[in-house]
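These numbers were taken from a predicted model, which means no experiment stands behind them. Convention: sequence-line order gives letters A, B, ...; per-chain numbering from 1.
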Amino acid sequence: KQEVTQIPAALSVPEGENLVLNCSFTDSAIYNLQWFRQDPGKGLTSLLLIQSSQREQTSGRLNASLDKSSGRSTLYIAASQPGDSATYLCAVRRGGADGLTFGKGTHLIIQP
Amino acid sequence: SAVISQKPSRDICQRGTSLTIQCQVDSQVTMMFWYRQQPGQSLTLIATANQGSEATYESGFVIDKFPISRPNLTFSTLTVSNMSPEDSSIYLCSVVSVLSGNTIYFGEGSWLTVV
């Protein structure tokens, strides 16, 4: 059974810092990996999708990497802003017909 | 991307009653999923609901408790039956967007409190 772990569980940093969120998964046979953010009282917003054949994806200040063989992904946030404060969730899909298996998330606070 | 609308957005329900959550998508999608997020927890997959076939439930979830309908490619419902306080959760609908490289998108969720 796939298990997804996110470290750290919580993180509080001053505005402007670059930061890295970590995600690991136990079964490297994945179809793809997706990063989401969840704001309080809201649903999930998709940030980045990395296919199993890809090594990284970038969107604006966000960069996600994937090392499938070692079962790891990182989300890099450059020049953090208070608006980046949210819970960040990592999730993997086993196959194209499967749903997502989620980690417990990293609760991020960016201090103004 | 796909725009997903869920109703109700919030509700307070009496124990022993049932509630049906609706999920409407702005485009035709084959694959749809229902998730539960219990207070302070991450998301857990309840079932896969593909149009034209019976819903497939994950371990720990049964059709009698969570019946699902998928009448067409843009709509689905999840019913939470005979509710107890332990069913107080956010229920989220999600879809796979083939046009977006198989990205999965989520609705805003339905926040249920059972009293």
Side-chain angles (χ1 to χ4, degrees), chain A residues 1-10 21 23-25 27 30-54 56-59 62 64 66 86-108, chain B residues 1-7 9-10 21 23 25 29-53 55-61 68 76 89-111 113:
Chain A
K1 178 185 174 185
Q2 179 74 271
E3 293 184 4
V4 180
T5 302
Q6 291 187 244
I7 295 174
L21 308 183
C23 171
S24 62
F25 44 95
D27 185 351
I30 63 170
Y31 179 71
N32 59 32
L33 181 146
Q34 201 164 344
W35 283 92
F36 297 87
R37 69 175 279 168
Q38 186 173 29
D39 296 280
K42 299 288 188 180
L44 276 67
T45 300
S46 177
L47 297 174
L48 289 165
L49 170 72
I50 309 178
Q51 305 292 353
S52 63
S53 59
Q54 296 176 325
E56 67 176 348
Q57 284 288 328
T58 298
S59 176
L62 304 179
L66 174 63
T87 297
Y88 288 80
L89 295 162
C90 168
V92 297
R93 287 179 79 189
R94 180 179 57 195
D98 298 315
L100 291 163
T101 300
F102 280 86
K104 292 186 176 181
T106 294
H107 181 55
L108 177 64
Chain B
S1 66
V3 178
I4 304 167
S5 302
Q6 281 188 236
K7 293 181 181 179
S9 57
R10 292 179 182 271
I21 301 166
C23 177
V25 189
V29 293
T30 302
M31 299 184 66
M32 188 176 283
F33 304 95
W34 286 97
Y35 290 82
R36 180 176 73 181
Q37 186 175 28
Q38 294 177 301
Q41 303 297 314
S42 192
L43 282 78
T44 301
L45 180 64
I46 297 172
T48 302
N50 294 335
Q51 199 272 333
S53 61
T56 304
Y57 290 83
E58 298 297 306
S59 175
F61 297 95
I68 289 171
S76 178
S89 296
I90 308 170
Y91 292 86
L92 298 108
C93 167
S94 73
V95 303
V96 178
S97 172
V98 175
L99 294 178
S100 300
N102 291 317
T103 301
I104 291 183
Y105 295 97
F106 281 81
E108 289 285 304
S110 297
W111 296 61
T113 301

Original post:
Relative to chain A, which segment of B:Leu92 carries a heavy atom at a distance below 4.5 Å: side chain, backbone, both, or neither?
Top reply: side chain

Original post:
Within the distance-only criterion (no hydrogens, no angle test), does the side chain of B:Ser42 pair as donor or acceptor with the backbone N or O of A:Phe102 below 3.5 angstrom?
Top reply: no

Subject >> Interchain contact, B:Glu58 with chain A, by part (heavy-atom threshold 4.5 Å) >> reply: neither

Original post:
Can you find a heavy atom in the side chain of A:Lys42 that is under 4.5 Å from one in the side chain of B:Ile90?
Top reply: no

**OP:** Could you list the residues that satisfy salt bridge (Lys or Arg N to Asp or Glu O under 4.0 Å) with A:Arg37, not counting sequence neighbours?
**Re:** A:Asp39

**OP:** Under 4.5 Å heavy-atom distance to chain B, tell me which part of A:Ala91 shows up: side chain, backbone, both or neither.
**Re:** neither

Original post:
So, the side chain of A:Gln34 versus the backbone of B:Ile104: is there a donor-acceptor pair under 3.5 Å, distance only?
Top reply: yes

**OP:** Check whether any side-chain N or O of B:Glu108 sits under 3.5 Å from a backbone N or O of A:Gly41 as a donor-acceptor pair, and report yes or no.
**Re:** no

Original post:
Just by modelled atom types, is the A:Leu100 backbone N or O under 3.5 Å from a matching donor or acceptor in the B:Tyr35 side chain?
Top reply: yes

**OP:** Taking the side chain as every heavy atom from C-beta outward, state whether A:Thr101 and B:Leu45 have any pair of such atoms under 4.5 Å apart.
**Re:** no

**OP:** Any chance you could measure B:Phe33, atom CZ, to A:Asp98, atom CG, to the nearest 0.5 Å?
**Re:** 7.0 Å

Original post:
With only heavy atoms counted, which part of A:Leu44 is less than 4.5 Å from chain B, the side chain, the backbone, both or neither?
Top reply: both

